[in-house]
There are 2 protein chains.
Amino acid sequence: MTPQLDTVFAALADPTRRAILAMLLEDDMAVTDVAEPFEMSLAAISKHLGVLTAAGLISQEKRGRVKWCKLEPDAMREASVWMQGFGQFEAINLDAFERFLENELDP
Amino acid sequence: MTPQLDTVFAALADPTRRAILAMLLEDDMAVTDVAEPFEMSLAAISKHLGVLTAAGLISQEKRGRVKWCKLEPDAMREASVWMQGFGQFEAINLDAFERFLENELDP
DNA sequence: CCGTTATTCAACCATTTGGTTGACGTTTCG
DNA sequence: CGAAACGTCAACCAAATGGTTGAATAACGG
């Protein structure tokens with residue numbers, strides 16, 4: 001029903017992928033540089049980046065032989081909104097809350 | 001490094017489990033009643049509830065022959081905080097947000 | 001042109017996940 | 001007591017996940 005939430009939460013469930021996202025928070029990076037701190041093959045990191053891209057959490061742009069990875073923080077919004085319904089905003093009408101956010105965040 | 005985040009996000013990645021959490025937002029429920037709307041065996045739902053319990057997202061208490069499931073919204077906090085680090089809410093119009101909250105919380 | 005760097009692809013493997021079924025232990029109730 | 005309701009357990013299965021290696025593709029640089 002909301003496959004977007006499926007892929008976003010699944011992507012966030014892996015510690016390697018969360019670490020990658022945290023790295024990209026600092027700056028855009030090439031695939032090789034993303035892989036450097038991990039004790040894991042480059043191919044494995046490439047797969048993780050594919051999962052993050054499929055979830056919309058990052059984007060990848062190839063310039064020359066280097067593929068740059070860029071954080072896409074907006075992709076977390078839907079998931080974050082979903083979660084807010086359970087925390088400090090427990091009493092909120094969730095549908096109204098989502099409508100509010102859409103109005104606020106989408107021009 | 002943060003196994004809590006692993007289990008919480010993994011638990012949230014399944015649409016059946018998210019639906020269960022949404023149901024429990026309304027009220028505490030017995031396992032059988034949780035299972036009722038799903039086209040799935042009771043055993044499968046029981047497993048899902050086990051995953052949610054392991055993640056700390058719900059608690060289960062047996063009274064008589066009925067096991068009551070209760071939402072534990074605090075468990076989402078760590079994950080929510082982690083996500084806030086990516087700044088997805090920075091574009092919100094805070095004044096409008098306050099007005100929204102007042103309207104929602106004061107009936 | 002040739003070697004090197006950057007990245008993915010393909011095949012493979014072990015483990016986990018999400019589901020099934022049937023048997024099993026408890027608690028309630030007529 | 002005996003039957004029904006509540007829920008889990010165990011064994012099984014198919015598919016997805018996270019990793020490996022080795023070959024393949026593409027772009028630079030001397």
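Computed from a predicted model, the values in this text were never measured in an experiment. Order of the sequence lines fixes the chain letters, A, B, ..., with proteins taken first and strands second; residue numbering starts at 1 for each chain.
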*Asks:* Distances for protein N/O vs nucleotides 14-20 of chain D N/O pairs under 3.5 angstrom?
*Replies:*
{"unit_1": "D:dG18", "atom_1": "OP1", "unit_2": "A:R17", "atom_2": "NH2", "d": "3.2"}
{"unit_1": "D:dG18", "atom_1": "OP2", "unit_2": "A:R17", "atom_2": "NH1", "d": "3.1"}
{"unit_1": "D:dG19", "atom_1": "OP2", "unit_2": "A:H48", "atom_2": "NE2", "d": "2.2"}
{"unit_1": "D:dG19", "atom_1": "N7", "unit_2": "A:K47", "atom_2": "NZ", "d": "3.1"}
{"unit_1": "D:dG19", "atom_1": "O6", "unit_2": "A:K47", "atom_2": "NZ", "d": "2.4"}
{"unit_1": "D:dT20", "atom_1": "OP2", "unit_2": "A:S41", "atom_2": "N", "d": "3.0"}
{"unit_1": "D:dT20", "atom_1": "OP2", "unit_2": "A:S41", "atom_2": "OG", "d": "2.8"}

*Asks:* Once you round it to whole Å, what is the distance between C1' of C:dT16 and CG of B:D6?
*Replies:* 13 Å
*Asks:* Once you round it to whole Å, what is the distance between C1' of C:dT7 and CE of A:M29?
*Replies:* 15 Å
*Asks:* Can you figure out which of D:dC6, C:dA6, C:dT8 approaches the side chain of A:T32 most closely?
*Replies:*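 Taking heavy atoms from C-beta onward, the closest nucleotide is C:dA6.
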*Asks:* Which whole-number value in Å describes the distance from B:W68 CH2 to D:dT8 P?
*Replies:*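 Value for this atom pair: 14 Å.
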*Asks:* Enter the distance from A:D14:CG to B:L5:CG here, rounded to the nearest 0.5 Å.
*Replies:*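 Answer rounded to 0.5 Å: 12.0 Å.
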*Asks:* Give the minimum heavy-atom separation between B:L12 and B:R18, together with the two atoms involved.
*Replies:*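 Reported closest heavy-atom pair: O-NH1, 2.8 Å.
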*Asks:* What are the two closest non-hydrogen atoms of B:A79 and A:M83, and how far apart are they?
*Replies:*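 Closest pair (atom of B:A79, atom of A:M83, distance): CB-CE, 3.6 Å.
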*Asks:* Can you pull out every side chain to side chain donor-acceptor pair (under 3.5 Å) where at least one residue sits in residues 34-51 of chain B? Sequence neighbours excluded, please.
*Replies:*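 Listed by first then second residue: B:R17-B:H48.
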*Asks:* Could you report the tightest heavy-atom contact between B:I58 and B:E72, atom names first, then the distance?
*Replies:* C-CG, 3.7 Å
*Asks:* Any N or O donor-acceptor pair under 3.5 Å from the base of C:dT7 to the side chain of A:R65?
*Replies:* no
*Asks:* Round to a whole Å and report the spacing from NZ of B:K67 to C1' of D:dA5.
*Replies:*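 Atom-to-atom, B:K67 to D:dA5, this comes out as 16 Å.
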*Asks:* Please report the closest heavy-atom contact between B:F38 and B:I45, naming both atoms and the distance.
*Replies:* CD1-CD1, 3.7 Å
*Asks:* Any chance you could measure A:R77, atom CZ, to A:S80, atom OG, to the nearest 0.5 Å?
*Replies:*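 It is 10.0 Å, given to the nearest 0.5 Å.
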*Asks:* For DNA chain C, determine which residues of residues 53-62 of chain B have any heavy atom closer than 4.0 angstrom to one of its atoms, and list them numerically.
*Replies:*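 Close to the strand, none.
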*Asks:* Hey, does the side chain of A:S46 come within less than 4.0 Å of C:dT7's phosphate (OP1/OP2), counting only N and O?
*Replies:*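 For C:dT7, neither OP1 nor OP2 has a side-chain N or O of A:S46 closer than 4.0 Å.
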*Asks:* Could you pick out which residue, B:A30 or A:R63, lies toward the 5' side of DNA chain D when each is mapped onto its nearest nucleotide?
*Replies:*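 The answer here is B:A30.
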*Asks:* How close do A:A75 and A:V8 get, heavy atom to heavy atom, and via which atoms?
*Replies:* O-CG2, 4.0 Å
*Asks:* Please report the closest heavy-atom contact between B:L24 and B:C69, naming both atoms and the distance.
*Replies:* CD2-O, 3.5 Å
